[in-house]
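Read the structure below first, then the notes.
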Protein chains: 2
Amino acid sequence: MTIDQVAAAVGVNRSSVSRAFSRPEMLSPETVARIREAAEKLGYTPNHSARALSTGRHGNLALVVPDVANPFFPPMIRSVQNEADHQDYCVFLGNSDEDPRQEEKLLGRFSGQVEGIVLASPRLSDERIRAFAEVKPLVLINRDVAGIPRVLIDSGSGVAEAVAYLAQQGHRRIAYVSGPSSSWSNKQRRAAVKKTAAELDLDVITMAAQVPSYEAGQRAVSFVLEGGATAAVAFDDLTAQGMLAEFRERGVRVPRDVAVVGCDDVVGATTYPALTTVSNRAGEAGQIATRLLLDIMTTRAVHDVRYVLETHLVVRETTAPAAANRRQG
Amino acid sequence: MTIDQVAAAVGVNRSSVSRAFSRPEMLSPETVARIREAAEKLGYTPNHSARALSTGRHGNLALVVPDVANPFFPPMIRSVQNEADHQDYCVFLGNSDEDPRQEEKLLGRFSGQVEGIVLASPRLSDERIRAFAEVKPLVLINRDVAGIPRVLIDSGSGVAEAVAYLAQQGHRRIAYVSGPSSSWSNKQRRAAVKKTAAELDLDVITMAAQVPSYEAGQRAVSFVLEGGATAAVAFDDLTAQGMLAEFRERGVRVPRDVAVVGCDDVVGATTYPALTTVSNRAGEAGQIATRLLLDIMTTRAVHDVRYVLETHLVVRETTAPAAANRRQG
DNA sequence: GCTTGACATGCAACCGGTTGCATGAAAACG
DNA sequence: CGTTTTCATGCAACCGGTTGCATGTCAAGC
């Protein structure tokens, strides 16, 4: 069902049918009604490709993430979708599998049929990112490239709060259980732990970098106990969850014997005890990035935005005063 | 950079440039090389819309799910993407928010620019689904509509195993905490509970349908306790997790006082106590559905496929013999 | 040596919309 | 009542590819 068939049915020119949908104010209300009615009856839908071809507008966005299945991203995906939906945009989702080449491939495939791109935690080099940003409006999440609009989640601020909170509760020696050494977030978090601890005159022991997982958390427990720490800050919630399980396994009570803090707040209050952690704000980041993108797309003006989302400590039940520990000794 | 500019640069007709990419065997190898070289140098990329307009092929698929953030779906999304990627397709992702109208809207938006659709756990009516399936190749996941290719995760088999296991452990009265009434999975699970219970001569109480969530699980606890059930089967893991928390809150011990079984195995062994649940196979379902779709798209033949993936009970620590309950009475 | 065929390339229509400009009729103006 | 303005609609070019058919060339076949 094409525009010409509708035009023929109504007895008007194709341009009138086109305008009945895209510029109804140009036509008499009566004609608009007649055309729309006929279109409705005939089941006419404007052809997306034809429209995109002549207008250059596709009505699509692309979102590329390293790993859909990582619980950090789904809330972000959701809010990007939601925001795009409000403006009638469709969203392509790409999963780069943490691989820069796959990321490049996806961006190439998408760029021909989208107005803008949200690129989350990219693995690509700065140069390549810049190259894509020159061709299409592009907003970064969790990557700091000067000149390209970016939304950064500063987990350091929340981790610093966590350390300060632990200090205030009387903990003098805390452990940081690292994530992957190549991770920007890990660097950020570890630095925040060390800096805050130094300021507050606390001892810090740091466990070697590892791929974050439930099992990694379990393995970290020995390190914490043997290191004599009374509190542990884990790279992420999954690691913290593994630690919780292993502490329980060994009869070490949390938070009475040892305090545990996670990071990213992806498990909510669903652990037992409910995990004290650092908020993630991934959903907000997605929302802000998308709004930024839509704004750039409409105004065509690229401002050098660097939007930083601070994170905060979310106190639940895996932290308690260190004083309690002394009872056991 | 258009095809004409490349043609002019090389001194050939636009059709030769077109063929250099889509039908190189029609041209002399030398011409193909010359054209490709020039195109490369000029940075020419075929215009996606123009190609789609004249060929009717977009190279896109759509995947619509009720809730991206529901941990059941990310593995499925991931495998659909992966499978699509192998055949150079881009994937639109839609989030229906469990709302049939939103689902309809998304399908309408997508259908103009995709070759096929994977529709997971749709909330739409059979008629609407059929209507869309008539227009575009469409494969369903977790919805059983005759005549439309579908991949079904038979959680019924696993749930039946669960009920049999509970019966074997001495439970005589069990509760089923429902999911959304429009959900095919919910119907299936509830039916499996009722059927197996009837066969084994158990009592069943069923809690009214609801949107599955942690909070819904918390609210379900009163129903279970007041209903006098000694075991509960929840619609999904998230609901079960909420129940676990609320039971703990009320001083009801799991599994000693009451047994809890989840469904979908999305939280693994990370709850406390580790949740007994039913395996999900969502990733496999996504992969199979996408292969089926791609197959239909290429062969243009719609076979009435009904692919069933059986599930199984995964016993962990939230189930125990009912005999333990008597001690408290 | 002339015909036939194979093969490489060009021509032009087509996909289905959008849009600047032209046209014609009715309304407003003097 | 004639002229100008306004407004609704039509015309035709254009977006950038694809593709059936026509054309021209050169080699093989008789």
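Convention: sequence-line order gives letters A, B, ...; per-chain numbering from 1.
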>> Between A:Asn13 and D:dC11, is there a contact of a side-chain N or O with OP1 or OP2 at under 4.0 Å?
In response: yes
>> Nearest whole Å is fine: how far is D:dC15 C1' from A:His58 NE2?
In response: 11 Å
>> As a test of reading the structure: which of D:dT19, C:dG16, D:dG16 is closest to the side chain of A:Thr2, going by heavy atoms?
In response: C:dG16
> In whole Å, what is the span from the CZ atom of A:Phe21 to the C1' atom of C:dG16?
Replying inline: 14 Å
> How would you label the contact of A:Val12 with the nucleic acid (heavy atoms, under 4.0 Å): base, sugar-phosphate, or nothing?
Replying inline: sugar-phosphate
>> Tell me the interatomic distance from B:His48, atom NE2, to D:dG17, atom C1', rounded to whole angstroms.
In response: 12 Å
> Within the modelled atom types, does a donor on one side and an acceptor on the other bring the side chain of A:Arg19 and the base of C:dG17 under 3.5 Å apart?
Replying inline: no
> So, the side chain of A:Arg36 versus the backbone of A:Ala20: is there a donor-acceptor pair under 3.5 Å, distance only?
Replying inline: yes
>> Whether the side chain of B:Ser15 and the base of C:dC11 hold a donor-acceptor pair under 3.5 Å is what I'd like checked.
In response: yes
> With a 4.0 Å cut-off on heavy atoms, is A:Ser18 in touch with a base, just the backbone sugar-phosphate, or nothing at all?
Replying inline: base
>> Output the rounded distance in Å from CG (A:Asn47) to P (C:dC14).
In response: 17 Å
> Hey, is CD on A:Glu37 packed in by over 12 heavy atoms from elsewhere, all under 6.0 Å?
Replying inline: no
> Side-chain N or O of B:Ser54 less than 4.0 angstrom from OP1 or OP2 on C:dC14?
Replying inline: no
> When the C1' atoms of the five terminal pairs at each end define the local axes, what inter-axis angle does the helix from C:dG1-D:dC30 to C:dG30-D:dC1 show, to 10 degrees?
Replying inline: 40°
> Pick one: which of B:Glu115, B:Gln113, B:His48, B:Arg51 meets side-chain hydrogen bond (donor to acceptor under 3.5 Å, both in side chains) with B:His58?
Replying inline: B:Glu115
>> Measuring to OP1 and OP2 of D:dG16, would you say a side-chain N or O of B:Arg51 lies under 4.0 angstrom away?
In response: no
> Are A:Met76 and A:Val118 side-chain neighbours, meaning at least one heavy-atom pair lies under 4.5 Å?
Replying inline: no
> Can you check whether A:Tyr307's main-chain N or O pairs, donor with acceptor, with A:Arg150's side chain at less than 3.5 Å?
Replying inline: no
> Within this structure, what is the CD1-to-C1' distance between B:Ile3 and C:dC14, rounded to whole angstrom?
Replying inline: 14 Å
>> Between P on C:dT18 and CZ on A:Arg23, what's the gap in Å once rounded to a whole number?
In response: 9 Å
> Nearest of D:dC11, C:dC15, C:dA12 to any side-chain atom of B:Leu53?
Replying inline: C:dC15
> On a plain distance test, is the side chain of A:Ser28 in donor-acceptor contact with the base of D:dC7 below 3.5 Å?
Replying inline: no
> Atom CE of B:Met26 to atom P of C:dA6: distance rounded to whole Å?
Replying inline: 15 Å
>> Nearest whole Å is fine: how far is C:dG17 P from A:Arg57 CZ?
In response: 17 Å
> Is any side-chain N of the basic residue among A:Arg123 and A:Asp99 closer than 4.0 Å to the acidic one's carboxylate O?
Replying inline: no
>> Ring-plane angle category for A:Phe92 and A:Phe110, please: parallel below 30°, perpendicular beyond 60°, tilted otherwise.
In response: parallel
>> What's the closest nucleotide to the side chain of A:Arg14 if the choices are C:dT18, D:dG10, D:dT18?
In response: C:dT18
> Does B:Thr31 place a side-chain N or O at less than 4.0 Å from the phosphate oxygens OP1/OP2 of C:dT9?
Replying inline: yes
> Between the side chains of B:Gln287 and B:Asn82, is a donor N or O closer than 3.5 angstrom to an acceptor N or O?
Replying inline: no
>> Can you see if the side chain of B:Ser16 gets near the phosphate of C:dG10 - specifically, an N or O under 4.0 Å from OP1 or OP2?
In response: yes
